[in-house]
Amino acid sequence: MRLLHLVWGLETGGVETMLVNIINEQVKTDQVFLVIVNKHISEELIKKIDQKCIIKKINRKPKTRSYLKIIWLNMLLLCFRPNIIHVHSYRLSKLILGKWKIVRTIHNTKNNPEEYPRMSALYAISDAVAEYTKKQGFPNVKCIYNGIMTRKFSARIKCKPQNNFYKIVQISRLYIRQKGQDILIHALCLLKQRGFDKFHLYLIGVGKDEQKLQRLIKEKGLNEYVSFEGLKSQDYIYNHLCDYDLFVQPSRYEGFGITVAEAMAAKVPVLVSNIEGPMEIIGQGKYGMHFKSEEINDLAEKLEFILQGGYDYSLIDKAYQHICDNYDVKQTAQRYIQEYKKVIEKVR
């Protein structure tokens, strides 16, 4: 089988890293191509892709109409003749001319469904995303869970932090509207006002709202309590996520929450907002703690409870096994292969 993955860019992020891991599994059994449309490319990620995968860079400047680039893309399709074209983002299918078997992974709720009728198959990354897509009028969507390299994560050894000082980590794009870092900042301010100041928050990631967050942190008097760590490589996450004492994901909406799964694979306690994606990962509370979405007071109370030593550390090993059993990337890659074959068989 000849598979072609089509993406806008390949920068360091949860979805992109997962795609690299999926490709590295799929090349073991099939011919895999990767076409990257825009110039936004992490060479570090490129180096991690198995050399069996054929990579082509269109090098289009983002948000520009370059008909020559589109022609080149479609010439590549004619050259590769893939059995399946797997697109991973909105509007990518509009670049594809002619009749091909195109499938789409839906990575979030609140997606625009205008392209879905053209797809030969739709895949949702979680039950929550699948249910949302069905409500949009697409009942045949299949759920294929996101996957991580579970065995690569170094595991957190100690239980409670030394001297009761908590190193809190949040890993995501700095995008307040979705990721909700402002909620966490406000909650930490309340925590400090209540006399709980034995913590430090590390924000890993970059994004357009970094300056907004810096201003908010200064306004709340938290400069000494929050650090912007910037982008970190996947190898850093594999080896050092275990160095933190608590992972917090305060997202307002989230189709999955791959960094939540990563924290659980590193045996780090997790606290997430009670939205569909993260709640699905923590088994509706069986494998981690949660707070009411966008409720600053509730988040502050949960953080206070944890800082007072209230986290149930018996959840950690259960959470780790849950992730290994359900969210390993090998399972993800093989499930996609199985679903591709079904699409191909339909036309025979």
Please confirm whether [X] makes a cation-pi placement over [Y], using NZ or CZ under 6.0 Å from the six-membered ring centre and within 45° of the ring normal.
X    : Y    : value
K267 : Y320 : yes
K167 : Y244 : yes
K232 : Y236 : yes

Ring-plane angle category for H88 and H86, please: parallel below 30°, perpendicular beyond 60°, tilted otherwise. parallel
Please answer whether the main-chain N or O of [Y] pairs with a side-chain N or O of [X] as donor and acceptor at a distance below 3.5 Å.
X    : Y    : answer
N24  : D50  : yes
W8   : Y90  : yes
R252 : I176 : yes
D328 : K330 : yes
K69  : I58  : yes

Grab the two heavy atoms, one from A130 and one from A124, that are nearest each other, plus how far apart they are.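 Closest approach of A130 to A124: N-CB, 3.4 Å.
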Could you report the tightest heavy-atom contact between R118 and S93, atom names first, then the distance? NH1-O, 2.5 Å
For [X], run the side chain to side chain contact (heavy atoms under 4.5 Å, CB included) check against [options] and tell me which one passes.
X    : options          : answer
L299 : N297, L303, I296 : L303
V32  : I55, I22, I23    : I23
I281 : N146, I323, V270 : I323
L6   : L73, L77, L34    : L73

When you compare the side chain of Y132 with that of I106, does any pair of heavy atoms fall below 4.5 Å?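 A side-chain contact under 4.5 Å is absent here.
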Note: D235-K48 ion pair, threshold 4.0 Å (strictly below): yes
Pair E115 + K94, salt bridge at N-O below 4.0 Å: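 Salt bridge between E115 and K94, a charged N being under 4.0 Å from a carboxylate O: no.
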Could you please spell out the steps behind the side chain to side chain donor-acceptor pair (under 3.5 Å) verdict for Q334 and E25? CA-CA 8 Å; Q334 286 308 307; E25 288 296 322; 5.4 Å; no
With rounding to the nearest 0.5 angstrom, report the OH to CZ distance, Y238 to R151.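 Y238 atom OH to R151 atom CZ measures 13.5 Å (nearest 0.5 Å).
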Inter-residue atom distance Q284.CD - N274.CG, 0.5 Å rounding: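 The CD atom of Q284 sits 9.5 Å away from the CG atom of N274.
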Step by step, would you call H200 with Y225 a ring pair (Phe, Tyr, Trp, His ring centres under 6.0 Å)? CA-CA 5 Å; H200 193 94; Y225 296 85; 7.4 Å; no
For a salt bridge (charged side-chain N to carboxylate O under 4.0 Å, His left out) check, start with the C-alpha distance between K47 and E44, then their side-chain angles and the critical distance, and finish with the verdict. CA-CA 5 Å; K47 291 176 183 177; E44 179 185 344; over 6 Å; no
Inspect the surroundings of CD in Q308 and state if more than 12 heavy atoms from other residues, nucleotides or ligands are less than 6.0 Å away. yes
Chi angles and distances behind the side chain to side chain contact (heavy atoms under 4.5 Å, CB included) call for I185, V226: CA-CA 9 Å; I185 299 301; V226 183; 4.3 Å; yes
Carefully, step by step, assess R335 and E339 under the rule salt bridge (charged side-chain N to carboxylate O under 4.0 Å, His left out). CA-CA 6 Å; R335 181 74 193 282; E339 292 300 325; 3.5 Å; yes
